[in-house]
Amino acid sequence: MSNATDVVIVGAGIVGAACAYEFAKRKLSVQIVDEGVIAGGATAASMGHIVLMDDSLPQFALTNYSQTLWENLREQFPSNVEYDRCGTIWIARDDVEIVELRRKFTFLREHFVDSEIFDTQALQEAEPNLCKPLAGGLLVRQDFVIYPPAAVSFLLEEARKLGARVCLGNRVVAIGNGEARLANGTVLAARFIVNAAGQFATKLVPGIKMEPRKGHLVITDRYLGFVRHQLLELGYSKSARSAAGASVAFNVQPRKTGHLLIGSSRQFGAAGTEVEPGILSQMLNRAFQYLPELKNLSAIRAWTGFRSATPDKLPLIGPWPQDSTLYLATGHEGLGVTTSLATGRILCDQILGIQPSIPIEPYLPSRQIGGA
Ligand SMILES: Cc1cc2nc3c(=O)[nH]c(=O)nc-3n(C[C@H](O)[C@H](O)[C@H](O)COP(=O)(O)OP(=O)(O)OC[C@H]3O[C@@H](n4cnc5c(N)ncnc54)[C@H](O)[C@@H]3O)c2cc1C
């Protein structure tokens with residue numbers, strides 16, 4: 001069969017956009033299809049924190065690689081991407097958490113990440129609105145923040161300049177055997193189909209093991225300088241790793257505009273998109289413990305979104321073993337904005353038969369077939 005297009009990508013969120021950008025840059029013909037608008041899914045609901053995470057070595061490798069790819073693009077960002085290299089401070093409340101803080105610091109140092117431990121006083125000077133006393137903090141200087149919907153527009157615009165076609169308002173109802181079938185009956189043929197449909201990837205490929213994990217966010221009015229870094233409690237990783245139920249963790253982000261984003265919550269088994277007052281108040285109370293003055297600021301909006309969580313908390317990047325034309329780019333949970341560029345790069349390497357820059361076995365979808 002001869003196909004007009006090399007790759008059809010389903011989903012114009014940050015992951016699909018990063019794939020389209022990478023494929024187009026490497027001279028593959030690309031069509032990206034979304035049932036809605038660009039970045040209308042989890043991407044629009046997210047914080048846009050481009051963060052190094054070290055819950056596992058593969059997670060660290062992917063976040064680190066992708067952060068570098070983002071950083072390399074920085075000069076090209078339009079101003080609406082709101083790149084802000086504010087850094088992250090991980091906060092330790094007590095002496096128990098200081099032990100974990102030191103472990104993290106040692107790990108990051110061993111991997112050449114620019115980081116610094118703050119004692120109680122240095123933390124207070126860095127972030128005067130934090131409660132007192134706190135045991136200490138760990139500054140990771142290279143973490144930064146972007147505005148994800150604008151980043152998607154940027155990536156798709158760059159892909160378009162290189163010939164990619166973007167087709168919105170078209171639902172894909174079936175994929176496989178080098179075809180994507182649209183709800184209006186059109187069949188798009190391609191050498192490769194990439195499933196980047198976020199939490200809905202399982203509807204198109206039912207064998208994928210992945211669950212939606214609901215999250216809430218709140219945005220305040222503008223309070224420039226109220227916090228200066230992205231602030232996270234050390235327990236955030238524990239909340240992200242938990243395998244069931246609901247959890248909240250302190251996570252506050254300063255936007256360049258002066259707004260503050262307040263997170264975060266994680267819930268399995270919560271299908272509705274509504275804001276849940278019980279979860280919201282748990283999340284805000286957690287934030288007030290760390291930033292007491294926050295309760296005197298005005299919140300202007302709250303919303304929810306769904307992370308796509310795999311059982312092993314790693315994304316699915318690569319061929320789907322049951323169909324040689326089908327590739328997955330999904331399952332990024334709470335790190336899809338951070339790891340999108342690496343996902344596009346790794347996927348394109350695989351399709352072109354080029355050795356990727358990092359080991360890719362931990363992300364291959366084949367681990368879900370016949371396994372746990
Ligand atoms: C509250 C919250 C905060 C977060 N904060 C961060 C953060 O700070 N940093 C970070 O790195 N990550 C963060 N994340 C995670 C991040 O948002 C996701 O991992 C990422 O956006 C996933 O991108 P995606 O492109 O895979 O999915 P999505 O953005 O959901 O895009 C999927 C697209 O596929 C389309 N689609 C689905 N089905 C079909 C179909 N059948 N036909 C056509 N189109 C279809 C949808 O319309 C959608 O546009 C956060 C997530 C949440 C919920």
Side-chain angles (χ1 to χ4, degrees), residues 5 7-23 30-46 148-149 151-152 155-156 159 164-184 186-190 192-215 271 273 304-311 314-323 325-337 339-344 346-348 350-351 363-365 368:
T5 307
V7 190
V8 165
I9 300 167
V10 186
I14 193 83
V15 173
C19 291
Y21 169 73
E22 187 68 28
F23 290 140
V30 186
Q31 181 160 15
I32 182 164
V33 187
D34 199 292
E35 65 180 333
V37 294
I38 66 165
T43 302
S46 80
V152 172
L155 291 171
L156 288 181
R165 283 168 295 155
V166 181
C167 172
L168 302 175
N170 275 290
R171 191 156 67 88
V172 176
V173 291
I175 52 175
N177 298 317
E179 288 183 354
R181 190 173 298 273
L182 307 188
N184 66 12
T186 306
V187 175
L188 305 175
F192 304 104
I193 309 288
V194 173
N195 182 352
Q199 62 160 318
F200 300 108
T202 51
K203 293 229 180 324
L204 295 170
V205 180
I208 298 173
K209 297 185 183 89
M210 198 171 80
E211 266 189 84
R213 204 173 185 193
K214 188 171 179 177
T273 55
T304 65
F306 290 87
R307 307 171 181 93
S308 302
T310 60
L314 290 172
L316 299 160
I317 310 170
W320 182 242
Q322 293 165 351
D323 180 342
T325 67
L326 189 56
Y327 281 68
L328 304 188
T330 188
H332 296 77
E333 221 270 5
L335 288 170
V337 182
T339 55
S340 54
L341 288 185
T343 298
I346 286 171
L347 207 64
C348 196
Q350 291 182 67
I351 280 175
Y363 324 118
L364 291 178
Q368 290 204 334

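Hydrogens, waters and symmetry mates are skipped; everything else that's a heavy atom, side chains included, is used. These figures come from a predicted structure and were not determined experimentally.
Of the possible donor and acceptor atoms, none in the side chain of Ser308 sits under 3.5 Å from a partner among the backbone N and O of Gly331. In terms of modelled atom types and a separation under 3.5 Å, the side chain of Gln368 and the main chain of Lys209 share a donor-acceptor contact. Checking side-chain atoms of Thr325 against main-chain N and O of Gly178 turns up a donor-acceptor pair under 3.5 Å. Distance alone, capped at 3.5 Å, places no donor-acceptor pair between the Asn170 side chain and the Val172 backbone. Using modelled atom types, one side-chain atom of Thr339 and one backbone atom of Leu335 make a donor-acceptor pair closer than 3.5 Å. Side-chain atoms of Thr202 never come within 3.5 Å of backbone atoms of Ile208 as a donor-acceptor pair (strictly under, hydrogens ignored).
Nearest approach of Ile9 to Ala196, heavy atoms of both residues: CG2-CB, 4.1 Å. Between Thr43 and Ile14 the shortest heavy-atom distance is OG1-N, 3.0 Å. Between Leu204 and Val10 the shortest heavy-atom distance is CD1-CG1, 3.8 Å. Shortest non-hydrogen contact noted between Glu22 and Gly344 is CG-O, 3.4 Å. Between Asp323 and Asn177 the shortest heavy-atom distance is OD2-N, 2.8 Å. The two residues Ile32 and Ala17 have their closest heavy-atom pair at CD1-N, 4.0 Å.
Considering only heavy atoms from C-beta on, Tyr327 stays 4.5 Å or farther from Val7 through its side chain. No side-chain heavy atom of Val15 sits under 4.5 Å from any side-chain heavy atom of Thr330. Contact of the Asn195 side chain with the Trp320 side chain is not registered, since no non-hydrogen atoms from C-beta on lie closer than 4.5 Å. Using a 4.5 Å heavy-atom cutoff, the side chains of Ile193 and Leu188 are not in contact.
Judged as a side-chain hydrogen bond (donor to acceptor under 3.5 Å, both in side chains), and not counting sequence neighbours, the contacts of Arg165 are Thr5. With sequence neighbours left out, Arg213 forms a salt bridge (charged side-chain N to carboxylate O under 4.0 Å, His left out) with Glu333. Residues that satisfy the side-chain hydrogen bond (donor to acceptor under 3.5 Å, both in side chains) test with Thr343, not counting sequence neighbours, are His332.
The CD atom of Glu35 lies 11.0 Å from the CG atom of Leu168; values are rounded to the nearest 0.5 Å. Annotation: the span from Thr310 atom OG1 to Leu314 atom CG amounts to 6.0 Å, rounded to 0.5 Å. Taken from OH in Tyr21 to SG in Cys348, the straight-line distance is 11.5 Å, to the nearest 0.5 Å.
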### Message
Show, in sequence, the C-alpha distance, side-chain angles and deciding distance for Leu364 and Gln350, and conclude whether the side-chain contact (heavy atoms from CB on, under 4.5 Å) test is met.
### Response
CA-CA 10 Å; Leu364 291 178; Gln350 291 182 67; 3.5 Å; yes

